[in-house]
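Have a look at the structure below, then the notes.
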Amino acid sequence: MPQRTMVEALNLALDECMDRDDAVCIMGEDVGINGGVFRVTKGLHEKYGQRRVMDTPLAECGIIGTAVGMAIHGLKPVTEIQFSGFTMQAFDQIEQNMARMRNRTQGRFPISMVMRAPFGGGIRAVEHHSESREAYWAHTPGLKVVIPSGPRNARALLAAAIEDPDPVIFYEPKAVYRAFREDVPDEHETMPIGVAEIVRPGADITVISYGAMMRVCTEAVEDLVDIHGVDVELIDLLSVSPMDTATLAESVSRTGRCVIVHEGHQSCGIAAEVIARLNEHVFEYLCAPIRRVTCPDLPFPYFQTEKHFLPDADDVIAAVQETLAWE
Amino acid sequence: MPQRTMVEALNLALDECMDRDDAVCIMGEDVGINGGVFRVTKGLHEKYGQRRVMDTPLAECGIIGTAVGMAIHGLKPVTEIQFSGFTMQAFDQIEQNMARMRNRTQGRFPISMVMRAPFGGGIRAVEHHSESREAYWAHTPGLKVVIPSGPRNARALLAAAIEDPDPVIFYEPKAVYRAFREDVPDEHETMPIGVAEIVRPGADITVISYGAMMRVCTEAVEDLVDIHGVDVELIDLLSVSPMDTATLAESVSRTGRCVIVHEGHQSCGIAAEVIARLNEHVFEYLCAPIRRVTCPDLPFPYFQTEKHFLPDADDVIAAVQETLAWE
Amino acid sequence: MPHETTESTTPERTASDSIIEVQPTRTRSAMDTTPIDLGRIEVLQILDEHAQVDESLDPRYDDEYLLRIHRGLVLTRAFDQRMLTMQRQGEMGTFAPNLGQEACQLGQVIPLTKDDWYSPSYRSFGAQLWRGWSMERLFKLWAGYHEGFPPPPDVNDLPFSIVIGSHVLPAVGVAMGMNYRSEPNCMVVNFGDGACSQGAVSEALNYAAVNKAPVVFVCENNGWAISTPLTKQSATTNLASRGAGFGLPSIRVDGNDILAMTLAVDQAARRARAGDGPTFIEAVTFRMSLHTTADDPTVYRAQELVDPWEARCPITRYETYLQRKGLLDTGAIDRIREECDGEVIVARDRFRTDAVARPREIFDHIYGELSPELEAQKQAYLDRLERKGVE
Amino acid sequence: MPHETTESTTPERTASDSIIEVQPTRTRSAMDTTPIDLGRIEVLQILDEHAQVDESLDPRYDDEYLLRIHRGLVLTRAFDQRMLTMQRQGEMGTFAPNLGQEACQLGQVIPLTKDDWYSPSYRSFGAQLWRGWSMERLFKLWAGYHEGFPPPPDVNDLPFSIVIGSHVLPAVGVAMGMNYRSEPNCMVVNFGDGACSQGAVSEALNYAAVNKAPVVFVCENNGWAISTPLTKQSATTNLASRGAGFGLPSIRVDGNDILAMTLAVDQAARRARAGDGPTFIEAVTFRMSLHTTADDPTVYRAQELVDPWEARCPITRYETYLQRKGLLDTGAIDRIREECDGEVIVARDRFRTDAVARPREIFDHIYGELSPELEAQKQAYLDRLERKGVE
Ligand SMILES: Cc1ncc(C[n+]2csc(CCOP(=O)(O)OP(=O)(O)O)c2C)c(N)n1
Ligand SMILES: Cc1ncc(C[n+]2csc(CCOP(=O)(O)OP(=O)(O)O)c2C)c(N)n1
Ligand SMILES: [Mg+2]
Ligand SMILES: [Mg+2]
């Protein structure tokens with residue numbers, strides 16, 4: 001199977017979806033000849049022309065707002081926002097129209113569209129370029145929020161998101177964009193949205209994460225298993241909304257202990273929701289408080305300090321050990 | 001002491017703060033001669049003139065963005081957004097400048113300003129007029145999020161918010177605006193921000209809420225105490241960010257059981273954060289899963305069905321009873 | 001009509017003169033600094049206040065059509081008045097009357113075909129009625145019933161919009177979709193003078209202009225945004241200049257002149273369908289009544305500002321025109337009014353019987369399929385309804 | 001210069017003529033439909049491409065001042081080049097070069113006093129240097145050190161802005177604050193051609209116009225927003241028309257002409273300080289270099305588009321002017337360049353010694369006082385640093 005980076009895998013998903021369905025089109029700043037600032041749309045303008053790969057003016061609200069209209073007209077726009085920090089500029093259109101149009105029109109106008117955006121830290125970027133605010137969208141009824149962690153699931157999930165009848169926020173962990181290659185088949189491949197993956201089964205404790213933090217967790221889990229002899233179960237959420245509560249609950253009902261890891265801020269973040277649901281579903285199985293390993297409730301700092309700000313494998317190991325030690 | 005509605009109490013707070021400090025000014029759509037669509041700023045334009053009570057063009061992003069600039073220049077703008085649903089229009093300015101300017105400039109430009117907005121359901125309003133999205137702001141570092149529940153604390157908290165050196169989101173439960181009167185002293189009165197109030201001490205279970213749902217909870221608690229003989233401790237959060245974790249934890253460490261009630265959507269809402277913190281702080285004291293009584297993860301419905309959508313006293317009573325019955 | 005651009009026009013002056021005020025005009029460099037010509041922006045009126053018709057512009061519609069338009073205007077007003085009564089009697093939620101804006105309303109949709117699209121504001125029920133929204137549906141909408149919200153199945157309209165300006169970008173998007181699919185239709189989108197201040201509306205003008213989207217912007221300048229007069233909303237009271245600033249052909253129209261409105265929109269729609277891109281139409285009119293039923297204009301606007309507009313009533317003006325043409329007399333006018341009132345009453349009665357809140361359905365249109373979590377929330381919600389004995 | 005408005009100018013025509021294209025011009029009704037005059041928008045150039053000066057407009061600054069400006073231009077370019085080298089060597093984060101835009105940069109701040117304010121974009125370090133930001137501070141900013149971000153304590157500047165257009169409303173707010181306090185100062189705010197598409201920028205123009213805020217908008221039209229040429233950004237390439245659309249006095253200036261830039265901003269600033277409100281200045285220039293160091297323009301723009309602008313270099317042009325005036329010769333130019341390079345190197349060396357990441361301080365400037373929750377988060381964070389052995 002061909003080895004691909006996440007950027008290449010995403011490009012493949014876009015290409016095949018455009019090839020299969022003329023209704024699929026791409027909109028965003030510099031997505032045309034330039035292929036997007038991260039080159040995810042590279043070559044598509046050349047292949048499909050400017051009718052289907054549209055460079056937009058510099059206005060994110062405009063991108064999402066007009067894409068909603070195109071979706072109303074039966075198209076399937078895949079929009080790119082250059083960095084997730086700039087999705088704030090489109091918040092009104094996302095919340096008021098993209099998320100709600102199906103509901104507002106009682107099913108008359110479902111919105112089948114995708115908002116792609118690179119998110120998260122780790123690439124030494126300037127301010128407003130490292131945000132992880134997926135919790136905003138998870139708190140917004142009407143949206144789905146999908147977050148891949150590697151090339152293969154990125155491709156399969158993006159294809160699924162494009163084919164989905166509902167609006168999907170697709171957050172791409174930019175720290176993973178070119179970090180490694182993985183087997184990604186040429187053949188069309190999708191994954192169901194809303195299903196978490198047990199990446200490594202284990203009996204002692206459940207570690208839950210998603211996006212770029214999956215790499216950190218994988219590293220931590222290797223150490224925990226190999227050095228510390230802890231049998232960790234590692235789960236990749238893949239979709240934070242809908243969240244696969246059943247898989248999480250089943251896991252924690254076996255392990256009794258749990259740590260959640262993400263880059264987003266702590267208060268009202270994804271981890272809080274995971275804890276709330278586990279509290280509701282498997283309270284009787286819990287042997288220790290569920291720990292959160294997240295970024296603090298601070299704006300993402302300037303990049304000289306980002307490596308200290310972001311959770312690392314040591315933090316995950318420490319949290320797992322503390323949770324195991326709890327009595 | 002004079003009896004005042006919440007609208008009158010808020011008006012009093014604005015008036016006295018403007019009287020005490022020439023830097024305090026009011027900005028918003030129709031806040032001038034018209035006194036605001038809910039009449040909270042009534043009479044202030046007449047008293048302080050259009051220099052200090054500014055009718056703005058119809059652009060919420062513009063209101064918040066220019067208010068940030070005025071705050072940089074040392075003023076203390078109190079902005080009004082007509083309904084909290086329209087704060088989405090200002091999301092970018094709130095997140096990127098209002099919340100962050102102090103941090104971005106390493107303390108050079110603290111932003112002492114308030115964004116007031118009526119929020120929540122219950123007044124038979126059209127779509128986009130009943131939102132409770134306080135969790136967005138609680139998830140945004142740099143903001144404080146204050147929510148009064150009655151005339152007296154509304155007045156004291158608004159005065160405190162205006163005097164606060166940091167940006168405060170002040171969400172006013174519009175269902176309470178004219179619902180009842182309360183003693184509100186003429187003399188200047190403030191309350192510390194970030195301190196919850198134990199409205200009724202009790203031993204059996206802790207009920208936590210805020211805003212308009214405090215009325216629902218009060219009604220439920222009366223029934224629970226009088227009819228069902230349950231000794232409920234009722235806590236009014238008053239500020240959802242910062243959240244008074246210590247008071248909540250101390251309470252639940254005594255009662256062992258807890259129900260949280262709010263209008264906002266469930267996923268990644270305020271209740272999730274309360275649960276996460278209680279899980280971290282008083283896990284060992286918990287005798288039952290903490291229950292959430294919230295609106296579902298749906299857009300607020302058209303008003304013929306809102307009374308079924310919003311939690312009511314029966315729902316709170318049912319959740320308390322289920323929590324007490326849990327073994 | 002470019003401004004003077006030759007060197008010779010610049011008088012001798014020194015640097016200390018204000019270049020802003022005196023404005024030297026020079027373009028002698030090779031760089032691309034062609035002088036700015038914002039295009040001609042015009043004012044269109046066919047039927048003046050005294051119902052004098054400009055013969056050269058009279059579209060000369062046939063009699064039946066002229067009378068159909070008249071009935072549309074009268075029905076709109078009858079509906080508006082009934083809504084107000086029902087609201088005052090507690091049978092209706094807050095709504096925004098459109099008294100005095102009937103010509104704006106109808107003129108912007110009369111030229112549209114069924115294949116064209118329309119995107120209403122919250123004050124657009126005149127246009128919605130013409131487009132084929134039943135009165136019952138509109139009663140349901142404003143009385144808070146879910147069924148009232150979606151556009152009728154056979155009508156190419158967007159849902160009404162209450163968040164000011166938020167519908168304009170999607171409307172442009174629909175028009176971009178027409179280009180994408182090479183469909184020869186157009187979109188008309190309606191918003192107010194206040195809406196022009198929203199950044200999203202500016203973005204919409206730009207997206208439409210850049211993409212040559214087949215869209216007609218109808219800015220219904222009724223002088224007020226709740227209590228805010230246009231002079232506080234904008235430094236220029238010529239809102240058509242907004243369109244011009246984004247490079248759009250822009251025109252001012254007498255919004256109380258049904259013939260001018262219809263003609264202007266018709267021409268713009270034709271241009272749009274022919275691939276010639278968007279047009280910005282500022283329709284100058286006046287909000288004669290309340291902003292909404294929750295509003296009390298006596299607090300902020302003097303009756304003297306309203307009075308002169310009484311004489312500019314779009315319906316009376318048009319009736320005079322029709323009378324002069326011999327198509328109507330006072331008897332006929334009274335009869336049509338009664339007929340329209342009657343129609344509205346019939347619809348109201350149907351609404352009273354038909355409108356049923358359906359709380360069990362609120363989970364029906366949120367996603368294509370409910371997630372397990374939402375299924376659980378729905379079940380819990382239905383159990384609650386059960387417990388409370390709600391149907 | 002109003003358009004023709006008398007009745008007689010309208011030729012006979014029928015309704016089927018396109019009113020949009022042929023535009024009948026009528027204002028005979030009593031209603032307030034004065035024809036639209038967007039005001040005159042002009043183009044200003046004093047020093048042409050061949051360094052020919054328009055004597056009538058030459059501001060005739062004194063020699064010392066002219067030379068100070070020259071040094072400012074040269075220093076800006078020297079700093080830019082050094083940043084690029086440092087970035088390529090991994091010592092600097094991504095940044096946006098401003099090669100070719102030096103005259104725009106300096107011209108917009110030269111007329112400002114210390115009491116005036118300035119709001120930079122991310123490409124404004126020429127202006128920032130002139131305003132008093134030390135080179136070390138700017139190195140720190142772009143190398144990701146917290147200390148580089150705040151404007152220097154004695155400089156009335158806003159922080160640089162990276163979210164396109166997001167600084168413009170706060171800049172207008174500061175200017176509104178000047179009105180509030182009756183201070184006779186002004187604000188200059190800098191943004192690009194791309195930024196003009198952001199709705200928030202339109203809102204800022206409107207807020208400034210309505211409030212007569214003492215602000216000068218400097219839109220640095222360098223033809224590109226990353227890979228997007230102006231023609232895809234806007235249907236009109238005359239961006240000054242944006243200002244006009246909101247009722248602002250608006251002017252186009254040759255942005256590669258330091259004298260014209262300075263004069264235009266000076267006049268606008270004077271107007272603003274005198275209470276005459278805002279001005280919109282479109283400065284026409286060209287982005288000679290990369291969008292940012294993460295960009296590869298060869299992917300999307302042909303060298304032929306860049307070449308003609310080589311001859312329009314703002315520094316060479318000004319140097320020719322100064323040489324003609326006898327203020328400089330080639331030797332002096334070389335010497336000044338070397339001096340500037342030297343200054344930059346000294347600053348770079350200080351930066352290398354001084355710049356220390358301070359991870360322990362990230363909680364220092366989030367609120368006036370930390371909440372107990374944040375105190376706890378801080379403690380946990382400091383414990384982590386301890387565990388990891390971070391200073
Ligand atoms: C984004 C937003 N802000 C504020 C409001 C409250 N509001 C409702 S109507 C209105 C005035 C609108 O004025 P205009 O656009 O001129 O339309 P008109 O009411 O005159 O038809 C305002 C401020 C709103 N609905 N949406
Ligand atoms: C809101 C927002 N959207 C997108 C970007 C990414 N971006 C950075 S610079 C740029 C182009 C800006 O063009 P222009 O305003 O013309 O300024 P210039 O770079 O030419 O100086 C873009 C799209 C951003 N920083 N902020
Ligand atoms: Mg209006
Ligand atoms: Mg540019």
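Reminder, nothing fancy here: chain letters follow the sequence lines and each chain counts from 1. Every value quoted in this text rests on a predicted model; they were computed, and no experiment measured them.
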Item to complete: Find out whether C/Thr94 and B/Val126 are in side-chain contact, i.e. whether some heavy atom of one side chain is under 4.5 Å from a heavy atom of the other.
Response: no
Worksheet item: Considering only heavy atoms, which portion of C/Leu374 lies under 4.5 Å from any heavy atom of chain B: side chain, backbone, both, or neither?
Response: side chain
Fill in: Residues in residues 314-323 of chain B near chain C [non-hydrogen atoms, under 4.5 Å]
B/Asp314, B/Asp315, B/Ala318
Worksheet, complete the sentence: Interface check, chain B: of C/Thr228, C/Ile366, C/Ile162, C/Val299, most non-hydrogen pairs under 4.5 Å belong to C/Ile162
Fill in: Student check: side-chain heavy atoms of C/Ser227 and B/Ile33 closer than 4.5 Å
no
Worksheet, complete the sentence: So, the part of B/Asp55 with a heavy atom under 4.5 Å from chain C: the answer is side chain
Item to complete: State whether the side chain of B/Gln304 and the backbone N or O of C/Ala143 hold a donor-acceptor pair below 3.5 Å, judged by distance alone.
Response: yes
Worksheet entry | Region of C/Ala355 in contact with chain B, defined by heavy-atom distances below 4.5 Å | neither
Response to the item:
Turns out that what part of C/Tyr381 lies under 4.5 Å from chain B's heavy atoms comes down to side chain
Worksheet item: Can you find a pair of side-chain heavy atoms, one from C/Phe160 and one from B/Glu127, that are under 4.5 Å apart?
Response: yes
Response to the item:
What one should report as the nearest heavy-atom pair of B/Pro301 and C/His146 is CB-NE2, 3.7 Å
Fill in: Interatomic spacing from CD in B/Glu29 to NZ in C/Lys232 - rounded to 0.5 Å
13.0 Å
Worksheet item: For C/Gln233, is it the side chain, the backbone, both or neither that has a heavy atom under 4.5 Å from a heavy atom of chain B?
Response: both
Practice prompt. Determine, stepwise, if the pair B/Met88 / C/Val163 fulfils side chain to side chain contact (heavy atoms under 4.5 Å, CB included).
Written response: CA-CA 10 Å; B/Met88 312 303 150; C/Val163 183; over 6 Å; no
Worksheet item: Would you call B/Thr305 and C/Arg358 a side-chain contact if the rule is heavy atoms closer than 4.5 Å?
Response: no
Practice prompt. For residues B/Pro296 and C/Lys378, determine if any side-chain heavy atom of one lies less than 4.5 Å from a side-chain heavy atom of the other.
Written response: no
Item to complete: Kindly state whether the ring of C/Phe149 and the ring of B/Tyr302 have centres lying under 6.0 angstrom apart.
Response: yes
Discussion item. Can you tell me if B/Lys42 has over 12 outside heavy atoms packed within less than 6.0 Å of its NZ?
Written reply: no
Item to complete: Nearest 0.5 Å please: distance from the NE2 atom of B/His265 over to the CD atom of C/Gln377.
Response: 10.5 Å
Worksheet, complete the sentence: Between the CD atom in B/Glu60 and the OG atom in C/Ser197, the distance rounded to the nearest 0.5 Å is 10.0 Å
Worksheet entry | B/Leu58 side chain near C/Gln198 side chain, heavy-atom distance below 4.5 Å | yes
Practice prompt. Kindly compute the distance separating CD1 (C/Ile362) from NE2 (B/His308), expressed to the nearest 0.5 Å.
Written response: 9.0 Å
Worksheet item: Counting only heavy atoms not in B/Glu46, do more than 12 sit closer than 6.0 Å to its CD atom?
Response: no
Worksheet entry | B/Phe83, part contacting chain C, at a heavy-atom distance under 4.5 Å | neither
Fill in: Proximal component of B/Gln89, with respect to chain C [non-hydrogen, under 4.5 Å]
side chain
Item to complete: Select one option (side chain, backbone, both, neither) describing which atoms of C/Val390 are under 4.5 Å from chain B's heavy atoms.
Response: side chain
Fill in: Toward chain B, the part of C/Glu373 with a non-hydrogen atom under 4.5 Å
side chain
